[in-house]
Q: 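The structure's right below; bear with me while I get my questions together.
Residue numbers start from 1 in every chain, and the chains themselves are labelled A, B, ... in the order their sequence lines are given, proteins ahead of strands. Values below: every heavy atom of this structure, side chains too, minus hydrogens, waters and symmetry copies. Keep in mind the model is a prediction, meaning the values are calculated, not measured.
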Amino acid sequence: MVYTDPMSDTIAPYLDGLNEAQRLAVETVEGPVLVLAGAGTGKTRVLTTRLAHILATRRAFPSQLLAVTFTNKAAREMQNRLTTMLGPTAEGLWLGTFHSIGARLLRRHAEIVGLKPNFTILDTDDQLRLVKQLLEAEDIDEKRWPARLLLGLFEHWKDRGYVPDTVPEAEQKSDIAGGRAAALYRLYQERLIALNAADFGDLLLHNLTILRSRQDLLAATQQRFRFILVDEYQDTNVAQYLWLRLLAQSHRNLCCVGDDDQSIYSWRGAEIGNILRFEQDFPGARIIRLEENYRSTPNILACASTLIARNVGRLGKTLWTTREAGQPLTLRSLWDSPQEARWVGEEIESLRRDGLALSEIAILVRTTFQMREFEERFIAMGLPYRVIGGPRFYERQEIRDAIAYLRLTHQGDDDLAFERIINTPRRGIGSSSMKTLHAVARAEGLSLSMAAERLITTDEVSAAARRSLNDFLISVSRWRGRAASLKPADLGALILDESGYTRLWQEDKSADAPGRLENLKELVAAMAEFETLQGFLEHVSLVMENAGTDNQERVSLMTLHSAKGLEFDAVFLPGWEEGLFPNQRALEEKGHAALEEERRLAYVGITRARKYGFVSTVANRRIHGQWQAMTPSRFVGELPEDHIRKKAEHGLGPGQWPGQPNILDPSSQLRRLSGPVIAAEQLRPRRREGDGFRLGDRLFHQKFGYGTVRGLDGNRLHVAFDKAGEKLVMDNFVEKA
DNA sequence: CCGGGGTCCATTTTT
DNA sequence: TGGACCCCGG
């Protein structure tokens, strides 16, 4: 094909670098296409080049392109690469997460489902509180039917695209909440509308309702999106599938990229069936397999491929590479979990000695409780580490409070926000005033703000409470008045100041107060990038990331789930024991389907490694405080003999590995034992200038929190931590507070 | 409003 | 074993 258009020249070099399958995936532009992209096969590159190709060949304007991802990270990466390729042409396309695109579309037609365009997006915390209120109002025992359970059920229905009217009869009759679950779902949805709020599930569900009820809008939307691209298709749920199918019906230019072997989110609604059924769903679909792997060594790929080949429910593909064989995967058995942590630590030291950067090493566990022993060990040996996937920035109490102020300013009917902050800081509005407020609101169909407005003219609440409510309402309306003229950041600072919320933490003497003030500052700083309050609020609920990105040299510790999409030179996969991995509970709930998903999880884990893989098993593990005898995971026996190297601890005889003879490798064992012991000193990053601590200095430690220096001993500090007590810590593990 | 003490629970997590 | 949560007493 020859293009005369100058635009196409700009992406020509990008096309040249592709292999045959990748190129096919980029150039097969018309009709439904499923790109089965194995791990490490250049998926993102194909995705972005495909988009660029469509734009460069002028098949569509940017505004006619829809590209959906699951995470903001993926969306951002795609946008960045696209901008690199195309420059300004790459702007204006509909590229974002399912949720952000859903929100964007929903704001345009919110009134069709009874919302105003400025609706609030609720987080899990709000949802839960709402359900609790419902349960109380409906007189349902929360002990017996926890709000979590009900909310889980509602979300499950939403994942599958059910509105209250369409919940299948069989499920309506379940005995959950005494057979009233479906009725509660209806109430929940009504309550959300009344609050002018949508939860995450609604962002898509409402769009389905809109498109189904309005032929004109459906036709217009179908017309608009000439080309649709979906990333991580194996993770889509039913609602997302239905939405995509509706949108793609007219042009049928739907390209889904995914890997059935990496489908690990069924428990949150992902339907692996979506990807398995693609050909039936979209007749005439082309399936393109990306199988050339650019990440891992043949040994690692052989382990991953052999393992995953046992799964029945898969489309089938085999990764290959032209790289050197590399090291076999190391298989190690140990006596107990502390020893496992010790061994991992030793191997990391050894890798470090071989020149590997700590940031290129990861430990991937099945469950979070496994992390603790590694953390303890790493702290003891002075090995810097980072835990990926902790609590997020906007989940912190002070951030939620601050956002509640902003939400209430933005939208006075936001009862959840009102309730959260009406007495924070204390304003003397206690539970009795709130009761009256709720009663009035319910009786007269008002929001809490409106009810409060009414109550200050009567004597239904105490005079003190009336005055307090009045002051509060005046403040909020003043802030609202200034919202138009002030920049969001200035408004935010003003609100936090005038409301007394900042002062609340300034006067708080607890150890974490300074940190919280810091977070509030960070929040205000983040607002500076936004033009409108609404824009910022949407960013917070849909996009905002963990604060604090440090590029320090650390090993990464995370779950297998959060490792998807990442890669490291060396990957440790501890805890391969029956019951833990594959996980007993999963197996009990979902049987064989779960076993296959657990196996996919193992596959994801192995394929994160570029050069070195380490799998370990332990004979004894403490679970819930009880020591338990463990047997090696069946997955261990599913690894190919020719591509692994086994090491067993002395004293553990043959039979340690299921279904295979035991091959000890004493030479490497000896090498480990006699090798030079590297000083922890050499492992730690060099101290920075001006890092010296003095007696009485306040400091922060990532594990123990805030503390005060009580003693000095070279690079070790005696610290009295506020929460964790007295500890001896390495100085480069702490920051000045 | 706080904290002590009892109880219950204990995969995986993004938006 | 440890944490989250709730209830109740001061």
Side-chain angles (χ1 to χ4, degrees), chain A residues 68-75 96-104 106 121-128 132 142-144 146-149 152 155 158-159 198-205 231-232 235-237 239-240 262-270 337 364-373 376 388-395 423-426 428 430-431 508-510 538-546 558-565 575 577 579-590 594 597-598 600-602 604-605 621-628 723:
Chain A
V68 251
T69 65
F70 275 86
T71 64
N72 296 300
K73 199 175 152 208
T97 62
F98 275 100
H99 296 270
S100 66
I101 290 187
R104 199 170 151 190
L106 183 55
I121 298 168
L122 298 189
D123 60 29
T124 315
D125 214 49
D126 294 321
Q127 293 175 275
L128 224 39
K132 278 182 186 162
E142 227 219 284
K143 287 269 158 52
R144 180 127 167 64
R148 266 197 186 292
L149 184 100
E155 283 182 339
K158 289 188 180 190
D159 284 343
D199 67 16
F200 286 121
D202 284 342
L203 296 179
L204 229 96
L205 195 65
D231 190 18
E232 306 277 17
D235 287 339
T236 50
N237 61 32
Q240 287 156 342
Q262 293 189 66
S263 166
I264 55 174
Y265 282 112
S266 74
W267 49 274
R268 77 181 194 207
S337 38
L364 312 182
V365 295
R366 174 67 241 267
T367 66
T368 47
F369 80 77
Q370 290 170 267
M371 289 185 184
R372 230 181 73 208
E373 271 160 323
E376 278 169 14
I388 311 268
R392 341 206 114 253
F393 184 70
Y394 57 81
E395 279 168 5
N423 210 28
T424 309
R426 313 224 169 279
S431 54
D508 190 305
K509 283 172 192 62
S510 63
E538 185 139 327
H539 172 80
V540 167
S541 41
L542 290 179
V543 184
M544 195 132 163
E545 305 265 323
N546 260 349
M558 69 190 96
T559 63
L560 286 160
H561 281 92
S562 37
K564 198 171 82 163
E577 296 124 36
L580 182 60
F581 188 42
N583 187 274
Q584 186 60 33
R585 225 178 123 164
L587 261 34
E588 279 163 15
E589 277 169 23
K590 296 255 176 83
E597 182 148 319
E598 295 284 304
R600 291 194 289 270
L601 209 42
V604 167
R621 184 178 293 279
R622 208 165 60 178
I623 297 175
H624 308 159
Q626 298 288 116
W627 281 100
Q628 254 181 262
K723 294 271 166 64

Q: Among B:dT13, B:dT11, B:dT15, which nucleotide sits nearest the side chain of A:Thr367?
A: B:dT11

Q: Base, sugar-phosphate or nothing for A:Glu155? Non-hydrogen atoms, less than 4.0 Å.
A: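 No contact at all - A:Glu155 keeps every heavy atom at 4.0 Å or more from the nucleic acid.
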
Q: Are A:Asp235 and A:Lys564 packed together at the side-chain level, in the sense that at least one heavy-atom pair is separated by less than 4.5 angstrom?
A: yes

Q: Closer than 3.5 angstrom, by distance alone: can the side chain of A:Glu597 be matched with the main-chain N or O of A:Ser266 as a donor-acceptor pair?
A: yes

Q: Checking contacts here: which listed nucleotide (B:dT13, B:dC2, B:dT15) is nearest the side-chain heavy atoms of A:Arg426?
A: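 The answer is B:dC2, which lies nearest to the side chain.
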
Q: So what does A:Arg366 hit on the nucleic acid, given a heavy-atom distance under 4.0 Å: a base, only sugar-phosphate, or nothing?
A: base

Q: In B/S/- notation, 5' to 3', how is nucleotides 2-10 of chain C contacted by protein heavy atoms closer than 4.0 Å?
A: S----S---

Q: Ring stacking, A:Phe70 with base of B:dT14, under 5.5 Å and under 30°?
A: no

Q: Step by step, would you call A:Leu560 with A:Ile264 a side-chain contact (heavy atoms from CB on, under 4.5 Å)?
A: CA-CA 10 Å; A:Leu560 286 160; A:Ile264 55 174; over 6 Å; no

Q: Side chain of A:Tyr394, heavy atoms from C-beta onward: which of B:dT13, B:dT11, B:dT15 has the nearest atom to it?
A: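 From the listed options, B:dT15 comes nearest.
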
Q: Would you call A:Arg585 and A:Glu588 a salt bridge, taking side-chain N to carboxylate O under 4.0 Å as the test?
A: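 Answer for the salt bridge query: no.
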
Q: How far, in whole Å, is C:dG2 from B:dT13 if one measures between their C1' atoms?
A: 22 Å

Q: How long is the line joining CG of A:Leu601 and C1' of B:dT11, in whole Å?
A: 10 Å

Q: Please state the P separation for the pair B:dT12 and C:dC5 - nearest whole angstrom.
A: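 Those two atoms are separated by 15 Å.
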
Q: B:dT12 C1' sits how many Å from A:Leu560 CG, rounded?
A: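 Spelled out: CG on A:Leu560 to C1' on B:dT12 is 9 Å.
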
Q: Determine the sole option in A:Glu577, A:Gln628, A:Gln626 for which the side-chain hydrogen bond (donor to acceptor under 3.5 Å, both in side chains) test with A:Arg621 is passed.
A: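 Between A:Arg621 and the candidates, side-chain hydrogen bond (donor to acceptor under 3.5 Å, both in side chains) is satisfied uniquely by A:Glu577.
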
Q: Do the side-chain N or O atoms of A:Asn72 get closer than 4.0 angstrom to the phosphate oxygens (OP1, OP2) of B:dT15?
A: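 A:Asn72 to B:dT15 OP1/OP2: side-chain N or O found under 4.0 Å.
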
Q: Check every strand shown and say whether A:Glu589 touches a base, only sugar-phosphate, or nothing at a heavy-atom separation below 4.0 Å.
A: base

Q: Provide, to the nearest angstrom, the distance between the CD1 atom belonging to A:Ile264 and the P atom belonging to B:dT11.
A: 17 Å

Q: Can you check the A:Glu373 CD to C:dT1 C1' distance for me, whole Å?
A: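 Interatomic distance, CD of A:Glu373 to C1' of C:dT1: 11 Å.
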
Q: Side chain of A:Thr559: nearest nucleotide among B:dT13, B:dT15, B:dA10?
A: B:dT13

Q: What does A:Thr368 touch in the nucleic acid at a heavy-atom separation under 4.0 angstrom: a base, only the sugar-phosphate, or nothing?
A: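 Sugar-phosphate contact only.
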
Q: In this structure, how many angstroms lie between the P atom of B:dT14 and the NZ atom of A:Lys564, rounded?
A: 11 Å

Q: Parallel, tilted or perpendicular: which one describes the rings of A:Trp267 and A:His561, with boundaries at 30° and 60°?
A: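 Perpendicular: the ring planes of A:Trp267 and A:His561 meet at over 60°.
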
Q: Kindly give the heavy-atom pair with the smallest separation between A:Thr69 and A:Thr71, and that separation in Å.
A: OG1-O, 3.0 Å

